Amino acid sequence: MRSVTRTRRVLKWTGNVLLVVFLVWTLVPFYWMLVTSLKKDKEIYGFEATLVPRQPNLDAYRRLFAQTPFVKYLVNSTIIAVSTTAASLVLGCLGAYALARLRFPGRRLIARGLIFSYLVPPALLFIPLFTVMSTLNLIDTRHGLTLVYLSFTLPFCTWLLLGYFRSVPLELEEAALVDGCSRMSALVRIILPISLPALAVVAFFSFTQAWNEFLYANVFVNSVDVRTITTGLTLFVVEDVFFWGPMMGAACLATIPPVLIYLIFQRWVVKGLTLGAVKG
Amino acid sequence: MLPAGPRRSRALRDEARLAYAILAPSLLVVLFLVAYPFVSAIYLSLQDKMVGSPGRFVGLENYGELFRDEVFLRTAWNSVVYTVVAVGIKFVVGLTMALVLDQERRWNNLFRTLLFVPWAVPVVIVSLNWRWIYDDLSGFLNNFLITFHITRDIVSWLSNPHLAMGCVIAVVVWAGTPFYAMSFLAGLQAIPKELYEAAEVDGASVLQQFSFITVPRLKTIFVTTVMLSTIWTATNLQFVLILTKGGPASRTEIFPHLAYQIALGARRLGMGAAISLVFFPVLAILIVLLTRRLLRQGEE
Amino acid sequence: MERTVTRRQVLKAAGVTAAAVTSPWWMVKSSHAQRAKKLVFWHLPNFTPLADELQKQQVYEFAKSAGLKDTDVEYSTVAGEQAMAKLTAGIEAGNPPDVIRLYESNVQFYAAGGHLLDLHDLVQRMRREPKGIFESSLTAVMYKGRAMGAPLAVNPWPVHARLDLLEQARLEYPKTWDEFIETSKKIQSPPRLFAFGMCLGLVEDTTDNVMNLLWCYGGKMVQADNKTVVMSSPENVAGMKVIEAMFKTHKIIPPGAISWDNSGNNKAYQSKQAAFIMNPTSVYAYLDGNDKDLQKVTGLFPVPAGPKGTVNQIDTWSYAAFKKTPYPELAKGLIDYLMQPANYDKIIQSTGGRWVPVYKRLFDSPFWKEKPAFKHFIQMAETGVPVSYAGAPTPAAGEVLNTHLIPKMVQRVLVDNWEPAKALDECHKRIADVYARYEKA
């Protein structure tokens with residue numbers, strides 16, 4: 001038993017050392033991003049580049065807001081991420097409920113189809129999807145992009161909620177149904193309240209995936225009016241000149257919403273991953 | 001729960017109708033935006049289709065041209081190395097991170113949040129930032145190394161054929177490890193502490209505890225996470241697109257990036273589809289296995 | 001007790017389903033309906049906000065003069081590279097804009113697909129202006145003998161040179177490439193400052209820079225018949241050997257240039273890490289607004305001469321109108337209006353030297369004459385050639401440029417250490433395949 005205690009102590013110290021290493025490894029790039037956004041142009045380029053800004057200032061941010069459509073990108077990203085999240089929640093709940101509780105022919109096939117479609121990589125689909133989106137005139141529209149995002153958030157959310165709903169004991173609903181409750185109200189009044197953690201996870205994942213998405217946003221949206229942050233950033237190249245300061249400023253700002261949302265839903269995200277992945 | 005007799009079949013039918021009605025929107029989205037494009041990708045790859053012109057059926061000619069091209073072998077090799085190495089490193093580092101975070105200490109929650117943040121950042125931002133970090137003269141890496149006298153000359157990270165792939169993989173690892181860490185951590189925390197205590201009473205060493213308690217219980221998560229990550233890693237083109245564009249001299253060219261270049265640069269949609277599909281059979285096996293596994297888990 | 005589904009639930013679900021199923025249709029219908037009623041102009045940013053504003057004003061002015069209301073005009077701003085992707089989508093959907101500005105070979109690409117309106121008469125009118133236009137701009141727009149686009153700017157690619165460094169070393173701007181190498185070795189102080197910021201990444205600028213040098217050695221990509229590829233030639237080998245020597249032996253090019261993108265050489269010059277770069281005057285225009293000190297010591301020169309003389313590159317932007325427009329006459333009228341010398345000149349001058357006017361007469365204005373930096377421009381605009389020299393910017397040439405076949409060849413030599421001849425042979429075969437494919441089509 002003593003050797004175990006000693007091993008554990010060694011492990012504890014190793015763990016702390018590793019933790020420091022991981023923290024440095026993780027945080028240095030953020031430091032660099034932040035610091036670049038606070039430097040004057042001259043300090044950013046060439047051998048003038050410094051590890052610590054000599055004259056920290058908010059010029060880059062000022063330029064970002066005054067000279068670029070950054071705010072528009074922010075608004076677009078928000079609208080699209082929120083719509084995607086809302087739609088994923090509603091349709092995901094409904095779908096998961098149907099698959100978990102209702103009996104109907106084709107149930108297994110539909111479930112399988114949904115998961116399969118989640119796993120088909122966007123890099124494979126974007127070329128023919130391009131033609132589909134063009135023909136349906138969904139290019140350069142916010143609702144078009146939202147729909148396309150649903151194509152991967154919906155299956156994932158449905159699957160996650162499906163797993164969770166299945167684990168809710170039938171007795172709870174049965175009691176309500178016996179009392180004359182309709183299926184829909186059973187869903188809303190009984191299942192959803194217990195499922196709040198799962199819903200939180202769904203909301204977090206949908207929001208983050210929609211917020212961070214690049215490939216579809218790049219291929220299906222071109223005009224500045226509809227651009228999101230991820231692809232708008234790459235537009236801080238005016239013809240062939242880069243604006244690293246404002247771009248890193250934008251990058252810093254664009255990182256905040258998903259991180260904030262993660263902070264809020266943190267507890268449930270880990271639990272949600274447990275639900276999804278640990279069963280069995 | 002259902003009534004007996006003739007009312008039973010009516011109730012079942014109503015239930016089915018409700019189910020279809022509820023699932024209809026989701027199914028439509030998936031049908032239009034996944035199923036149809038998927039099938040259409042296969043058909044597109046069998047055509048010679050340029051942007052703005054109607055397609056011409058050419059059978060397997062696109063694939064023939066692709067296989068005969070010397071770039072194909074190189075891209076295939078790169079794609080495999082890239083995926084395997086990145087996933088492998090992410091696994092090891094992720095597991096280590098999870099084990100470290102599972103240890104008891106103050107402010108663990110804070111550390112967890114901090115280490116998770118890379119996963120919340122858009123990949124394109126990560127790539128742009130790292131591109132800047134790797135920059136020859138203005139980048140953090142070179143500045144740091146030279147300021148602290150670790151190297152004398154600047155290193156051309158992304159221009160060096162021997163370093164470029166490693167640099168790209170480092171970014172992939174930086175961005176993707178949190179997913180592994182969080183998944184494994186969730187699994188670790190689901191293991192009841194009593195098991196370890198009991199084992200310790202029985203005289204098991206730490207290593208034995210790890211091998212016989214931890215690992216078997218994490219096996220499901222391991223498999224699921226690795227499979228998911230393999231699919232995502234193999235098909236992600238953003239890192240390469242922003243960091244190296246496939247260079248230097250095709251050292252970092254991978255299939256998804258090549259497909260993107262051909263489809264949008266050369267405007268050959270048919271050929272682009274063929275390139276994206278070439279990798280698919282391997283992924284398809286993973287996808288089918290993973291689908292079954294994920295569903296089976298839920299059905300417990 | 002009732003445990004079955006209520007009618008209301010079914011109706012509600014049915015409503016949702018119906019909406020979902022029919023939504024694509026009404027979405028399509030509503031966008032189509034909108035499309036039918038407006039004049040659509042896609043604007044690619046002109047590099048200065050003032051120029052962008054002026055262009056917008058002019059488009060609306062024209063609309064008013066043609067009897068259209070402001071709401072009848074759809075003015076979309078699309079950034080350069082995204083414009084081509086968006087255009088692709090538009091064409092696939094049968095929904096292209098009415099008027100757009102196209103780069104080089106894109107005019108011929110869309111003309112070949114039968115998508116563009118014939119602008120021949122318009123261009124003839126342009127040529128009849130006093131002093132006419134730089135005829136070198138026509139290579140980009142001529143398709144089967146007709147002008148399918150209206151050339152709007154002719155952009156030379158001069159060498160931006162640090163006059164102060166030359167002065168310090170008491171050297172003149174080198175007249176030949178050999179002199180260039182010697183001068184470079186004297187004025188550079190690596191790694192802080194490399195002399196020659198030649199772009200070597202897998203991007204368009206590399207094709208431009210490399211071909212420009214090869215031309216001076218007598219080499220080229222394709223013959224004037226736009227069919228015979230001549231990438232494998234002793235002249236190209238000679239030129240490539242010079243580039244190889246510059247990079248490996250004389251070390252006057254920064255090693256990081258291998259992973260540059262199109263802004264790499266700009267950045268290098270602007271942050272004083274390179275003394276010479278070959279680029280359109282976007283850098284010069286940038287300095288005008290951001291670093292007047294550096295601009296003062298920047299000279300713009302033709303490319304040094306090789307054994308076969310000096311050849312300079314130009315690239316062309318052109319206005320084009322799409323056949324699908326419900327208003328062909330208005331579309332043509334808009335282009336005509338924008339190309340009226342009076343209107344046109346306002347925009348050109350507000351781009352700070354980024355665009356060189358296609359009308360020769362406008363070059364006589366003080367704006368150009370008073371800047372010594374622009375001294376050589378008129379000659380470069382007259383005699384400049386497109387990157388596809390000796391061929392025209394055909395769709396095949398466009399694909400070669402877009403798929404970076406020449407940068408890949410250069411990296412074979414500089415990274416894989418291939419013999420220039422071997423790399424050129426490989427490149428030749430690939431380019432020939434591309435041209436053959438377009439021949440067949």
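Everything numeric in this text was worked out from a predicted model, so none of it was measured. Residue numbers start from 1 in every chain, and the chains themselves are labelled A, B, ... in the order their sequence lines are given, proteins ahead of strands.
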| request: Side chain from CB out, backbone as N, CA, C, O: work out which of these in A/Met248 comes under 4.5 Å of a heavy atom of chain B, or both, or neither. | output: side chain
| query | When only pairs under 4.5 Å are counted, which of A/Thr208, A/Asn16, A/Leu18 shares the most heavy-atom pairs with chain B? | reply | A/Asn16
| Side chain, backbone, both or neither: which part of A/Thr230 has a heavy atom under 4.5 Å from chain B? | both
| query | Minimum heavy-atom separation for B/Val100 to A/Gly15, with atom names? | reply | CG1-O, 3.4 Å
| Are any non-hydrogen side-chain atoms of A/Thr36 and B/Phe140 less than 4.5 angstrom apart? | no
| task | Give the minimum heavy-atom separation between B/Tyr20 and A/Pro105, together with the two atoms involved. | result | OH-O, 2.7 Å
| task | Check whether any side-chain heavy atom of A/Leu19 sits under 4.5 Å from a side-chain heavy atom of B/Leu101, and report yes or no. | result | yes
| Is it the side chain or the backbone of A/Tyr118 that comes within 4.5 Å of chain B heavy atoms, both, or neither? | side chain
| message | Can you give me the closest heavy-atom contact between B/Ile22 and A/Gly95, atom names plus distance? | response | CG2-N, 3.7 Å
| query | Do A/Phe205 and B/Trp119 have ring centres separated by under 6.0 Å? | reply | yes
| Between B/Leu286 and chain A, which part of the residue has a heavy atom less than 4.5 Å away: side chain, backbone, both or neither? | neither
| Shortest non-hydrogen contact from A/Leu215 to B/Gln238? | N-NE2, 4.3 Å
| message | Please classify the contact of A/Val21 with chain B as side chain, backbone, both or neither, using a heavy-atom distance under 4.5 Å. | response | neither
| Where does A/Ile256 contact chain B at under 4.5 Å (heavy atoms): side chain, backbone, both or neither? | neither
| message | Using every non-hydrogen atom in the two residues, find where B/Trp174 and A/Thr26 come nearest and quote the distance to one decimal. | response | CZ2-O, 3.2 Å
